[in-house]
Amino acid sequence: MPITTQDREILRLAVPAFGALVAEPLFLLTDYAIVGHGLGTTAVGALGVAGAVLATLVNLCVFLAYGTTASVARQTGAGNHDRAMRSGVDGIWLALAIGAALIAVCWPLAPVVVDLFGASPDQAAQAVTYLRISLLGAPGMLVVLAGTGVLRGLQDTATPLLVAVGSFALNAALNAWFVLGLGWGIAGSAWGTVLAQTLGAAVYVGVVVRAAARLRTPLRPDPAGVKQAGTAGFALLIRTVCLRIVLLVAITIATRMGQAELAAYAIATQIWTMLAFTLDAIAIAGQAITGRALGAGDTVATRVATRRMVVWGVWSGAVLTLVVLAVRPLLPGLFDADPQVTEQLLAVLWPVALFQPICGVVFVLDGVLIGAGDQRYLAWAGVWTTLAYLPAAFLAADHGIVALWCALGVWMIARLITLGRRATGTAWLVTGA
């Protein structure tokens, strides 16, 4: 495939975004590896339950990154640099407010939420411990999302890469020290992640403060701007709620299958998430390029870039299929999985691998439409694809985690249909600031 000007622009944004995105699931994969070696299968299952809850809370707020990227990129494309930075500052204040609210609401409800998964008493107790400690890092996690969105909108994906790599290295070191060195158990794993995420958030705040000073953008919270940022993200919130319903239904079904199935599913989910973030690097480029191009009124460039990114998505997904199949025999050993977990994990990695090309196209088109600000359609599409998934998931409940993962494949195919239909039309090509 010859490299075009559009390819170079995509790669300039996607390659650093790839590194930053891969670092995110590596936080939990590192936790799984350390907890698996130091604490055993029960703790891995507990981490899977608590990790699902935390991922739900954080991903419900992913509009802080996606919405901020789209608005900052569009204003940047239109030449309104001060308004672009104002949007970013408002996003960070909104992140802090939501993070504080999550701590206040979710701390007392942690045992109730964990019980919904039907975990064993030992798993439930450890899951509550991990969840409550990790909630203290919620403001930092959300500031990282908002700060990342600001920089992506400014067409800078290199700085988020540096912050992500530093945070991952710190997280790995702290987790190993707290869990294996000091013997703090699963609580040590949670504290390591909290400290790493909070320090990463501090770096983003420093970067945004310096950029705002150059543009003379006020740093005080603007109530109207914060409210607007929250309102603009409502449709993306609905989309994200639909995504989380799918994943929460899946892990709830896996939990009721047994401890070995839950542990294997939890590990496979983290591997799939890492692959998803890898493919999402092109989608991040799509958000930034689409927002900037439409802000500048250039629909032709938007179409050309979209076609090229779809091609990149297909090829990237095919490569990941081959990679997963090649390393499949080695993966159970990384988590010190027992024979039962190993058997389940090796089986479920087949559908995980084979759906990657479809995932590549889905993530690209999702990113393009987010960058275009087509949130309302994405919300409705999320509802319909979730309704397509639920019957398949419940039918798979009595047939093991491979069938459950095939139900997730049905969901991805439904997303491919809805997003592809929209992208071939013109309703999303709205230009201007």
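Values in this document were obtained by computation on a predicted structure and should not be read as measured data.
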Which distance, rounded to the nearest 0.5 Å, do you find between the CG of L365 and the OG1 of T306? 8.0 Å

Before giving the answer on side-chain contact (heavy atoms from CB on, under 4.5 Å), spell out for T148 and Y204 the whole-Å C-alpha distance, their side-chain angles and the decisive distance to 0.1 Å. CA-CA 8 Å; T148 301; Y204 275 113; 3.1 Å; yes

Smallest separation among heavy atoms of L131 and A110, with atom names: CD2-CB, 3.8 Å

If you compare all heavy atoms of L142 against all heavy atoms of G99, which two are closest, and at what distance to 0.1 Å? CD1-N, 3.6 Å

Under the 3.5 angstrom rule, does the side chain of D374 hit a backbone N or O of I370 as a donor-acceptor pair? no

side-chain contact (heavy atoms from CB on, under 4.5 Å) evaluation trace for L369 with R239: CA-CA 12 Å; L369 296 180; R239 163 194 170 274; over 6 Å; no

Under 6.0 Å from the ring centre and within 45 degrees of the ring axis: does the NZ or CZ of R376 meet both conditions for the six-membered ring of W380? no

Smallest heavy-atom separation, L102 atom then L57 atom, equals CD2-CD2, 4.1 Å

To the nearest 0.5 Å, what is the distance between OG1 on T193 and CZ on F178? 10.0 Å

Nearest 0.5 Å, what's the CD1-OG1 distance between I358 and T321? 9.5 Å

Can you tell me which residue among V410, L408, I413 is in a side-chain contact (heavy atoms from CB on, under 4.5 Å) with Y389? L408

Would you call the rings of W272 and W405 parallel, tilted or perpendicular, where under 30° means parallel and over 60° means perpendicular? perpendicular

Option among V362, T424, T385 that satisfies the side-chain contact (heavy atoms from CB on, under 4.5 Å) test with L419: V362

Distance check, rounded to the nearest 0.5 Å: I245 atom CD1 versus T252 atom OG1? 11.5 Å

Checking side-chain contact (heavy atoms from CB on, under 4.5 Å) between R244 and each of V246, L247, V241, which is the one that passes? L247

Please name the pair of heavy atoms, one in G313 and one in V364, separated by the smallest distance, quoted to 0.1 Å. CA-CG2, 4.1 Å

So V113 and V128, do their side chains get closer than 4.5 Å, heavy atoms only? no

Output for pair (S316 OG, L279 CG), nearest 0.5 Å, gives 6.5 Å

Smallest heavy-atom separation, L174 atom then A196 atom, equals CD1-N, 4.5 Å

Between A393 and I253 the two heavy atoms that sit nearest each other are O-CD1, 3.6 Å

State, with a plain yes or no, whether a side-chain heavy atom of W428 is found less than 4.5 Å away from one of T290. yes

Intermediate values then yes/no, side-chain contact (heavy atoms from CB on, under 4.5 Å), L390 and V249: CA-CA 8 Å; L390 291 175; V249 166; 4.0 Å; yes

As a quick check of understanding, evaluate side-chain contact (heavy atoms from CB on, under 4.5 Å) for L404 and Y265, giving each step before the final call. CA-CA 10 Å; L404 181 59; Y265 182 84; 4.0 Å; yes

Within-4.5 Å side-chain heavy-atom neighbours: D90 and L94: no

For a 4.5 angstrom cut-off between non-hydrogen side-chain atoms, does F363 reach M412? yes

Is the shortest side-chain heavy-atom distance between W411 and L243 below 4.5 Å? yes

Beyond-backbone contact of W315 with V319, side-chain heavy atoms, under 4.5 angstrom: no

Are Q287 and D366 side-chain neighbours, meaning at least one heavy-atom pair lies under 4.5 Å? no

Student check: side-chain heavy atoms of L416 and C359 closer than 4.5 Å: no

Spacing of L237 atom CG and Q375 atom CD [to the nearest 0.5 Å]: 12.0 Å

